[in-house]
Number of protein chains: 2
Amino acid sequence: MGAVTEGGDDLCGGDLGSHPVAGLTTVLQALADPVRLAIIRAVAAEPRTCGGFDVPVTKSTLSHHFRVLREAGIIEQRCEGTRKLTSVRRAELEAAYPGLLESILSAPVEEAAAR
Amino acid sequence: MGAVTEGGDDLCGGDLGSHPVAGLTTVLQALADPVRLAIIRAVAAEPRTCGGFDVPVTKSTLSHHFRVLREAGIIEQRCEGTRKLTSVRRAELEAAYPGLLESILSAPVEEAAAR
DNA sequence: GGTATTGTTCGATCGATATCGTACCAGCTA
DNA sequence: TAGCTGGTACGATATCGATCGAACAATACC
């Protein structure tokens, strides 16, 4: 079975989107962070690259958060030249935990709290 | 230094149920633990006391988890003699984050994983 | 009164993780 | 070719939190 046929250039399409949606605890843990929550809100509104966030962390920390979200099966990333386009895996998430993402995205945004 | 003299009528009625539902991050963090998830599932099915759980932790750890859930506004506890009856604050939670509790409770139960 | 039951609190331990800085790598672009 | 940009990898640090045991408190029961 073809792993990922992204239409030609699959230089990075290998394991970036192949993570299945993780267990409930893992997913909740991935969501239970203000930075990641901000990421998901922004990405859910419109897929974007790492540069498109205004969270007050360095890019290495941002990369770490992306990995956590990716490994929880919440987001997927697609190479776009030198950039990486991040998007929420709405369908898979909805299939695994119906209503969860919806209820979280529709919750009021908390003000950024130092942690 | 004795003479606390609290009168003895309502030792626990005060702040055990008065916590408002916390912010989304706090609530998700409170939910993102297998032990607490098990507690909530059990309590949601039927309010019960601390002894009514089969989680593999000591009672002090259990007490800690109850405090976290209580302070997140997810559960409330009522004194019942020497016992404490715990129940989920469904209405308040539903008002704060519609659909959240529902989606979590209806998710498949993960097998207990060592953490 | 004395004992058992139920639960909290405190101190200690120990693993998880959020964060940063630096180095590094892969594509663009001049 | 070199430089620039977006992103990852790795090591170090520091804080958070889950866990336990022991001590304590309050009520029920004999």
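Each chain gets a letter, A, B and so on, in the order its sequence line appears, and its residues count up from 1.
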- Comparing B:Leu62 and A:Thr61 on DNA chain C - which has the more 5′ nearest nucleotide: B:Leu62

- Determine whether any donor atom in the side chain of A:Ser60 lies under 3.5 Å from an acceptor atom in the base of C:dG21, or the reverse, and answer yes or no. yes

- Query: Nearest-Å distance, NE2 (A:His64) to C1' (D:dG11)?
  - Reply: 14 Å

- Query: Would you say the side-chain atoms of A:Thr25 and B:Glu110 include a donor-acceptor pair closer than 3.5 Å?
  - Reply: yes

- Could you tell me the separation between the CZ atom of A:Arg78 and the C1' atom of D:dG6, rounded to a whole number of Å? 16 Å

Report, one pair per line, the protein and nucleotides 28-30 of chain C atoms (nitrogen or oxygen only) whose separation is under 3.5 Å.
none

- A:Leu101 vs A:Ile40 side-chain heavy atoms within contact, under 4.5 Å: yes

- Whole-Å distance separating the CG atom of A:Leu85 from the P atom of D:dT5: 20 Å

- Query: Rounded to whole angstroms, how far apart are NZ on B:Lys84 and P on D:dA28?
  - Reply: 14 Å

- How close or far is atom P of C:dT17 from atom CD of A:Glu71, stated in whole angstroms? 11 Å

- To the nearest Å, how far apart are A:Arg36 CZ and C:dA18 C1'? 8 Å

- Message: Can you measure A:Asp33 atom CG to D:dT15 atom P for me and round it to whole angstrom units?
- Response: 17 Å

- Query: Are B:Glu80 and B:Thr49 side-chain neighbours, meaning at least one heavy-atom pair lies under 4.5 Å?
  - Reply: no

- Message: So A:Leu93 and A:Leu100, do their side chains get closer than 4.5 Å, heavy atoms only?
- Response: no

- Just wondering, more than 12 heavy atoms not from B:Glu102 lying within 6.0 Å of its CD? no

- Task: With heavy atoms under 4.0 Å as the rule, sort A:His65 into base, sugar-phosphate or nothing.
- Result: sugar-phosphate

- d(CZ, B:Phe66; C1', C:dG7) in whole Å: 10 Å

- Message: Can you say whether a donor on the side chain of A:Lys59 sits under 3.5 Å from an acceptor on the base of D:dG7, or the other way round?
- Response: yes

- Query: For B:Thr26 and B:Ala72, which heavy atoms make the closest approach, and how far apart are they?
  - Reply: CG2-CB, 4.2 Å

